[in-house]
Visitor: 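Can you keep this structure in mind? I'll have questions shortly.
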Amino acid sequence: MSVLNKIARTLVSNRRGILAADESIGTMSSRLEKVGVEATAENRRLYRELIVTTPQLAESISGIILADETFHQKLSNGRTFPEYLGDIGILAGIKVDTGAKPLAGAPGEKVTEGLDGLRERIEEYVRLGATFAKWRAVIDIGDGRPTDRAVRANAHALARYAGLCQEGGLVPIVEPEVLMDGSHSLAKCQEVTTSVLETVFAELDLMEVQLDGIVLKPNMVVAGAESTEQPSVEDVANATVESLRAAVPASVPGIAFLSGGQRPEVATQNLAAMQKLESLPWELTYSFGRALVGPALETWRGDNGNEAAAQQALSERAVANASAR
Ligand code: 13P
C-alpha cells in the first residue's frame with residue numbers, strides 16, 4: 001500500500017470523518033462577528049483551540065483541515081496546531097487554494113486560484129506536519145450556468161493541484177462544490193454534479209493523479225435552497241449515490257461530503273441514508289464545516305464560561321455523524 005493510499009484510507013475509515021476548520025481569515029472573521037466576537041487573530045486562535053481540544057474528538061474525527069493562519073499558530077500549551085493534532089491522533093490538513101475569483105469571460109462564475117508557488121508551499125506545510133491538503137472549486141447553478149468554460153477551468157486547476165500534492169507527499173482532497181444557492185430542482189443538481197465529477201475525473205486522469213491516494217469531497221445532490229420542492233432524505237441519498245456511481249472510479253478510497261449550508265441534522269440524516277444503499281465501492285463519510293462546528297460557535301459566543309457547552313455541542317455533531325456511518 002502506498003503512503004498516500006494509507007493516509008487516504010486513514011482519513012475515511014473506522015467510521016471517522018474530517019472536520020473542516022479552514023475558513024479563510026475573511027470568512028472566519030464574519031462568522032465570529034455574527035456571534036458577537038471581535039474578529040482578531042487571537043480570537044480566531046482561541047476559537048480553533050476550543051475546537052481541537054474537544055474531549056474524545058479523535059474517536060469520530062480522523063483529520064482536521066486548517067487554514068494557513070492557524071497552521072502557524074500555537075495552542076496555550078505551546079504546541080503548534082499540527083503538532084497538537086499529531087499528539088491526539090488526528091491528521092493535520094491544510095487548505096492550499098487562495099480562493100475563488102471571477103473567471104474571465106464567464107460572468108457570475110469563478111475559478112479557484114492558488115497554483116503559483118504551490119510546490120514550494122506544499123514543501124513547507126509537509127515540513128510543519130501536514131499530511132493532506134484541500135482545494136475547493138465552486139460551481140454555481142443559474143441562468144446558463146455552469147458554463148463548460150467554468151467547469152473545465154476548475155477541473156483543470158483541481159487536477160494540477162492534486163498532482164502537485166501527490167508529488168510533494170500530501171493526499172489531496174479534491175473538492176468540486178456545486179452550490180445549493182438558487183431555486184433549481186434536485187434533478188438539475190444531479191445533472192450538473194454528475195457532469196462536473198466526470199470532467200474532474202477526466203482531468204485527474206490526464207494529470208496521472210493516483211486515484212487511490214485522493215479523497216473526493218463533493219456536495220450531496222440536493223435541490224436549491226430556495227426551491228419550493230424539497231426532496232426527501234431517501235431521494236437525496238439515491239440521487240447522490242447515482243451521480244457518484246456514474247462518475248467516480250472504484251479505486252477512489254473514500255468520498256467525504258461537504259455540508260454546503262444544509263442544517264446539521266439534515267446533513268447527518270442524508271449521510272446515514274446513503275450508508276444503507278447496496279454495494280458501494282467507496283467509504284462514504286463527512287468532511288463538514290458548518291454542520292459540525294456551527295452549533296459550537298453559536299454556543300460559545302466568545303464567552304469562556306460557555307467553552308465546555310460549546311465543546312459538548314461539537315461532540316454531539318461529531319458522534320452523530322460517526323454513528324450515521
Ligand atoms: P461546509 O460543510 O460548511 O460546507 O464546509 C465544508 C468545506 O470545507 C467547504 O470548503
Side-chain angles (χ1 to χ4, degrees), residues 20 22-24 27 65 95-115 133-163 172-207 209 214-227 230-231 236 239-249 252 255-262 267 270 286-291:
D22 61 326
E23 300 90 344
S24 65
T27 302
I65 317 168
K95 190 247 300 290
V96 298
D97 69 66
T98 54
K101 310 282 163 57
L103 175 63
E109 298 191 288
K110 291 180 172 170
V111 64
T112 300
E113 296 189 347
L115 290 170
K134 169 186 136 173
W135 177 291
R136 171 177 178 252
V138 289
I139 303 293
D140 187 44
I141 297 180
D143 196 14
R145 299 188 303 275
T147 59
D148 282 351
R149 197 173 305 139
V151 172
R152 287 175 65 178
N154 276 294
H156 174 80
L158 272 169
R160 285 183 58 196
Y161 139 82
I173 292 191
V174 174
E175 180 178 3
E177 174 174 3
V178 177
L179 298 170
M180 60 187 280
D181 303 343
S183 55
H184 53 270
S185 64
L186 179 83
K188 182 68 188 174
C189 179
Q190 183 172 12
E191 174 202 318
V192 171
T193 301
T194 307
S195 140
V196 166
L197 290 173
E198 282 169 352
T199 309
V200 167
F201 279 96
E203 289 289 328
L204 291 172
D205 184 49
L206 193 65
M207 296 292 164
V209 171
I214 72 165
V215 172
L216 177 69
K217 176 165 174 168
N219 52 286
M220 295 183 190
V221 172
V222 295
E226 287 103 59
S227 167
Q230 287 298 326
V236 168
T240 303
V241 169
E242 255 179 49
S243 274
L244 297 173
R245 283 197 211 275
V248 184
V252 173
I255 296 174
F257 294 102
L258 56 94
S259 60
Q262 301 181 76
N270 289 338
Y286 45 94
S287 176
F288 297 159
R290 287 161 287 179

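Note that these values count all heavy atoms, side chains included, but never hydrogens, waters or copies made by symmetry.
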Visitor: Could you tell me whether the side chain of V221 reaches within less than 4.5 Å of the side chain of L186, counting heavy atoms only?
Guide: yes

Visitor: Minimum heavy-atom separation for K101 to T98, with atom names?
Guide: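 Taking every non-hydrogen atom into account, NZ-O, 3.2 Å.
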
Visitor: Has N154 got a side-chain atom pairing as donor or acceptor with A150's backbone, closer than 3.5 angstrom?
Guide: yes

Visitor: Give a yes or no on whether the backbone of L115 and the side-chain of R160 come within a donor-acceptor separation of less than 3.5 Å.
Guide: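 Answer holds: no.
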
Visitor: Determine whether L216 and P176 make a side-chain contact, defined as any pair of heavy atoms from C-beta on separated by less than 4.5 Å.
Guide: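 They are in contact (side-chain heavy atoms under 4.5 Å apart), so the answer is yes.
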
Visitor: Is there side-chain contact between F201 and P249, with heavy atoms separated by less than 4.5 Å?
Guide: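 F201 vs P249: side chains touch.
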
Visitor: Would you call E109 and R145 a salt bridge, taking side-chain N to carboxylate O under 4.0 Å as the test?
Guide: no

Visitor: Taking the side chain as every heavy atom from C-beta outward, state whether F257 and N270 have any atom pair closer than 4.5 Å.
Guide: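 When only atoms from C-beta onward are counted, N270 and F257 do not touch, as no gap falls below 4.5 Å.
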
Visitor: For the backbone of Q262 and the side chain of S259, can you confirm whether one donor and one acceptor N or O come within less than 3.5 Å of each other?
Guide: no

Visitor: Would you confirm whether S195, through its side chain, and E191, through its main-chain N or O, come within 3.5 Å as a donor-acceptor pair?
Guide: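 No; zero donor-acceptor contacts below 3.5 Å.
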
Visitor: Would you say the side chain of M220 lies within less than 4.5 Å of the side chain of M180, judging by non-hydrogen atoms?
Guide: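 No, too far: nothing below the 4.5 Å cut-off.
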
Visitor: Provide the closest heavy-atom pair for R290 versus G261 in the form atom of the first, atom of the second, distance.
Guide: NH2-N, 3.4 Å

Visitor: Determine whether a donor-acceptor pair (N or O, by modelled atom type, separation under 3.5 Å) exists between the side chain of E226 and the backbone of G182.
Guide: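 It does hold such a pair.
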
Visitor: Write down the atom of P172, the atom of Y161, and the distance for their closest heavy-atom approach.
Guide: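 Looking at all heavy atoms of both residues, the closest pair is CA-OH, 3.4 Å.
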
Visitor: Which of these passes side chain to side chain contact (heavy atoms under 4.5 Å, CB included) with K134: V174, I173, V96?
Guide: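 Going through V174, I173, V96 one by one, the side chain to side chain contact (heavy atoms under 4.5 Å, CB included) with K134 is satisfied by I173 alone.
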
Visitor: Among I255, I65, L258, which residue meets the side chain to side chain contact (heavy atoms under 4.5 Å, CB included) test with S287?
Guide: I65

Visitor: Provide the closest heavy-atom pair for I141 versus C189 in the form atom of the first, atom of the second, distance.
Guide: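 Scanning both residues, the minimum pair turns out to be CD1-CA, 3.9 Å.
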
Visitor: Is P218 close to L244 at the side-chain level, that is, under 4.5 Å between some pair of heavy atoms?
Guide: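 A side-chain contact under 4.5 Å exists here.
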
Visitor: If I compare all heavy atoms of T240 with all of V236, which pair ends up nearest, and what's the gap?
Guide: OG1-O, 2.7 Å

Visitor: Look at the side chain of K110 and the backbone N and O of A100, then say whether any donor-acceptor pair between them is shorter than 3.5 Å.
Guide: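 Checked: no pair found.
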
Visitor: If the threshold is 4.0 Å, N to carboxylate O, is there a salt bridge linking R245 and E242?
Guide: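 Here R245 does not pair with E242 in a salt bridge, since their nearest N and O are not under 4.0 Å apart.
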
Visitor: Please name the pair of heavy atoms, one in S24 and one in K95, separated by the smallest distance, quoted to 0.1 Å.
Guide: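 Of all heavy-atom pairs spanning S24 and K95, the closest is N-NZ, 4.0 Å.
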
Visitor: So do R136 and T112 actually touch side chain to side chain, heavy atoms under 4.5 Å?
Guide: no

Visitor: State the OG1-CG distance between T193 and N219, to the nearest 0.5 angstrom.
Guide: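 Rounded to the nearest 0.5 Å, the OG1-CG separation comes out at 4.0 Å.
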
Visitor: Taking the side chain as every heavy atom from C-beta outward, state whether E203 and L158 have any pair of such atoms under 4.5 Å apart.
Guide: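 Sidechains of L158 and E203: no contact.
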
